[in-house]
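Here is the structure we will look at.
Bear in mind the structure is a predicted one, so any value in this text is a computation, not a measurement.
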Amino acid sequence: MDAKAYNATLTELRTDRDEIKKARAALARLEAARDKKIRALAAYTKASAERIAPAAGLSLADTVQIAPALAPERLAATPDGEADKEQTATEPPAAQTSPLYDGVNAPAITAQTVTPAAVPGAASEAPAAQPAPGAVMPTAVPSPEPVDAPASAPARELPSVPEGAEGDRWFTHTPNLVSTHPNFTQQARSTVFLDTATGILVHRDQTLRLALPDTRAATILQAVFQAVPEGTERIFITAGEPWHHQAGRYPFLKDAVAAWLNAPIPGWRTDTGRGKDKMAGHFLHPRNPVGRYQSDNGHHHVEIRSVGEWFDPEGADPTVVRDAFILLWKAVRAHWNDAVLMGSPSQTGRDLWTRTIPARGQHADGYPVLSEELRGLLHATAGQGRTELIVPPAVPEQLPALVEYDRTFAYAKHTWKSPVGRPRRITAATFASWSEKEQIRALYGCGHWQVRVTVPDTWDHVGILPAPAPGDRAWHYPAKPGTIFTTWAGGPEIHTALANPVRPWRIEILDGLLWDDGKPLDDWAKKLKEAWSALSAQAGLHGDPAQRHAARLASRAVRSLLLYGIGSFAQRPRMVTGTTPRAHERDVPADAEIIGFTDDQITWQRPTGFTRDPNAHPEWAAAIWSGARAALLSQRHRDDNTYAGALHAPPGSVVAFRTDAVYLTAPQPWPYHGQPGDYLNKGHLPGPVPAPATEEQLLALRDAGRAALTPTTISGEES
């Protein structure tokens, strides 16, 4: 082959690549449409996987994976004809299992009742489930080995801590990486608010109307800098979603957003970052992207962001949105005299937290960052909010009603205690050697536990503990009686499984991480809760409707400061997005995935692992998420001497979970005082209501239920 033939073949190869990309996109659309039809068919009372599978061209297992409601009573059988027990997660390899797990050297633990009052030194704020008679402590003695799950739908296998010296090396801190009080003050950025649908631009106390012939980034930058020539550093889009203006041309929304961000702009290029809060490059997100640009002469740096990162503006015009940010700034300034609102709530929330790190006393030297191995373990084994749709026959085909209960400002309820210091590894043998008092204290402490779980044979309610499901970071909640699975979970969830109001589950401790109890987030969260309370009161009492609306939006922004601030502690592995001209495609990184392309350039992304982030504390996020998931099932209201949560509703009445909300078939007498963590009745759709079979159907019923509920029942609150 000569050079001419080589180059010609390269050209053909590029064409093939583009055609393959288009074909894959078309195939993905067809498969999504097929799956939607399968889920719709599954809602029919007489639907069967045996008829649907051949019609869809799928195996029975694949069909059931798409629509779990089609699962038959017996998914598999042993050779002698007896049905296998369902196993919903893969067991750890034998090489990772301590020889002490053989039940000979690991002593059994005597059964006992576990109650909140039995915990020495337990604080009153600790989430507590109503104890069940006969609840038993975890044990290090294994159950009989479970049989394998169906091979066609293997669960994701969670990692374990290695044995020996390699595992011991994980229990350290990353050298020279510590969260400390900042020695600088953030610089405020000149900000404007723009509605690209109407062209209304608000800058300080000025309101202008721009003539926008289109909504390209180039057009927005040109129009804004003509209207505000002294310089703008941040453009908040309040309405219009300009990054979606050509969504119809692309198979995926993310492709349309990438094309909008990366379209060439004369006189501008992608920003390379500056300052202490240096953020470089665009942030690709299908709904709330961030475009960062700098002028070719380097004199101007500007970012285009969505106000949707902070709150849903609910159709508010840019002046109300501006007022909301002013009220937000005043509210946080009352607690931090150096507070500055940055571009996103996660940046701002975490920056405010660093300013609560004590300058003297305990932790004055800051909070060290865990080893990268432990951060990776927490990333892989600590899920966030619970999202689950429960379909017939677990709930009626026709629901008597659909009632939504949402926990107000939920995460703020779980920040009073967090793990600090270097964790200790607690093996099964170590846990079994402890006294009853030590075991209870450990489970009420700040821990993350690897456990083998057995659902009781007579269980008839929702699942309690998360188990790995097929798919990246996917979780489900096994509830079928007799199910055995291995997972990781936090102390609050383990306690709920042992001492729930229905009946105790069998929990076997396989391994664990246990920290000292501390309060690294308590001061930060208290200040945010006070700011939220003040703004919520203003939203309910202000005489000006526009200011009431602005105060309500500002209170939601405070919620975002805490919610996304906590999420930012999790520090997931970063994914970098970039573009390369088509003529220089050899410069695309070898480990990159091509996610979009045009005639002129290629868009790609690649993982870069964990950055050296001094404020990475996934142990804090994991503890809060575990507490929030546990409280979604059972939460004690001490002042009312009662309990609330899904496990306190009748079996068969729980329709869905969505992060901090639970959907039921009947109202519940749960107290609501407008405090963080309280269950607020946000929607009530009278029945009969067809049981939702998809998330889209659930959301449609949710919106109808909120509209049907008397508006006076939901005043001034935010979840």
Side-chain angles (χ1 to χ4, degrees), residues 43 69 130 311-312 314-315 385-411 413 460-462 477 501-502 536 539-540 548-549 552-553 555-556 559 628-629 631-637 639-640 642-719:
Q130 187 177 17
F311 48 72
D312 178 0
E314 298 179 332
R386 178 170 181 168
T387 301
E388 181 182 20
L389 178 62
I390 301 170
V391 298
V395 296
E397 293 280 358
Q398 293 292 319
L399 308 179
L402 185 68
V403 185
E404 177 188 10
Y405 285 93
D406 195 20
R407 296 185 68 227
T408 295
F409 205 8
Y411 286 0
K413 178 75 172 178
D460 61 352
H461 220 300
V462 297
Y477 296 81
V502 183
S536 296
R548 284 202 304 271
H549 194 181
R552 185 166 67 251
L553 296 180
S555 71
R556 293 179 179 177
R559 172 187 178 270
R629 290 193 301 268
L632 201 59
L633 296 170
S634 184
Q635 172 179 276
R636 185 180 179 188
H637 292 260
D639 293 342
D640 300 278
T642 189
Y643 291 83
L647 290 177
H648 298 276
S653 66
V654 182
V655 178
F657 296 94
R658 281 185 60 80
T659 310
D660 301 323
V662 59
Y663 297 82
L664 307 170
T665 61
Q668 302 297 315
W670 298 340
Y672 183 77
H673 304 296
Q675 297 301 308
D678 285 359
Y679 279 88
L680 172 70
N681 183 197
K682 291 184 71 171
H684 186 162
L685 186 62
V689 179
T694 65
E695 183 182 20
E696 292 78 11
Q697 293 175 8
L698 173 67
L699 295 180
L701 293 175
R702 178 202 67 182
D703 294 343
R706 290 180 178 180
L709 191 65
T710 307
T712 55
T713 21
I714 45 174
S715 58
E717 44 47 54
E718 277 319 317
S719 65

Specify the closest pair of heavy atoms between L389 and A656, including all atoms of both residues, with the distance to one decimal. CD1-CB, 4.0 Å
Quick one: which residue pairs count as a salt bridge (charged side-chain N to carboxylate O under 4.0 Å, His left out) with a foot in residues 668-679, not counting sequence neighbours? none
Among all residues two or more places apart in sequence or in another chain, which pass the salt bridge (Lys or Arg N to Asp or Glu O under 4.0 Å) test with R658? E695
Show your reasoning for whether side chain to side chain contact (heavy atoms under 4.5 Å, CB included) applies to V654 and L664. CA-CA 5 Å; V654 182; L664 307 170; 3.7 Å; yes
May I ask you to test the T642-P671 pair for a side-chain heavy-atom distance under 4.5 Å? yes
Heavy-atom closest pair (A666 atom, Y405 atom, distance to 0.1 Å) is O-CE1, 4.5 Å
With side chain to side chain contact (heavy atoms under 4.5 Å, CB included) as the criterion, how do L647 and V462 come out once you've worked through the C-alpha distance, each side chain's angles and the decisive distance to 0.1 Å? CA-CA 7 Å; L647 290 177; V462 297; 3.9 Å; yes
Residues forming a side-chain contact (heavy atoms from CB on, under 4.5 Å) with P650, sequence neighbours excluded: S653, Q668
Where do Y643 and W670 come nearest, in terms of heavy atoms and distance? O-CD1, 3.7 Å
Report the residues that fulfil side-chain contact (heavy atoms from CB on, under 4.5 Å) with P676, sequence neighbours left out, ordered by chain and then residue number. F409, A412, K529, W532
What residues form a salt bridge (Lys or Arg N to Asp or Glu O under 4.0 Å) with D460, not counting sequence neighbours? R503
Side-chain donor/acceptor pairs under 3.5 Å, residues 697-705, sequence neighbours excluded:
from, atom 1, to, atom 2, distance (Å)
Q697, OE1, A693, N, 2.7

Kindly give the heavy-atom pair with the smallest separation between Y663 and L402, and that separation in Å. CB-CD1, 4.0 Å
Just to verify, what does H461 make a side chain to side chain donor-acceptor pair (under 3.5 Å) with, not counting sequence neighbours? none
With E388, which residues qualify under side chain to side chain donor-acceptor pair (under 3.5 Å), at least two apart? R386
Applying side-chain contact (heavy atoms from CB on, under 4.5 Å), name anything that partners A401, two or more places apart in sequence or on another chain. V403, H684
Who pairs with F657 by ring pair (Phe, Tyr, Trp, His ring centres under 6.0 Å), at least two apart in sequence or on another chain? none
Excluding sequence neighbours, so at least two apart, what forms side-chain contact (heavy atoms from CB on, under 4.5 Å) with E696? T694
Closest heavy-atom pair and its distance - P692, L399: CD-CD1, 4.0 Å
Single hit among D640, D639, T408 for side chain to side chain donor-acceptor pair (under 3.5 Å) with H673: D640
Which atom of P501 lies closest to which atom of H648, heavy atoms considered: CG-CE1, 3.5 Å
Name of the residue among V662, T659, N681, D660 meeting side chain to side chain contact (heavy atoms under 4.5 Å, CB included) with D406: D660
So, using side chain to side chain donor-acceptor pair (under 3.5 Å) as the criterion, who are the partners of Y679 when residues are at least two apart? none
d(K682 NZ, E404 CD) to nearest 0.5 Å is 6.0 Å
Is it the case that the side chain of R407 and the backbone of G677 share a donor-acceptor pair, with hydrogens and angles ignored and the cut-off at 3.5 Å? yes
Can you tell if the side chain of E397 reaches within under 4.5 Å of the side chain of P690, non-hydrogen atoms only? no
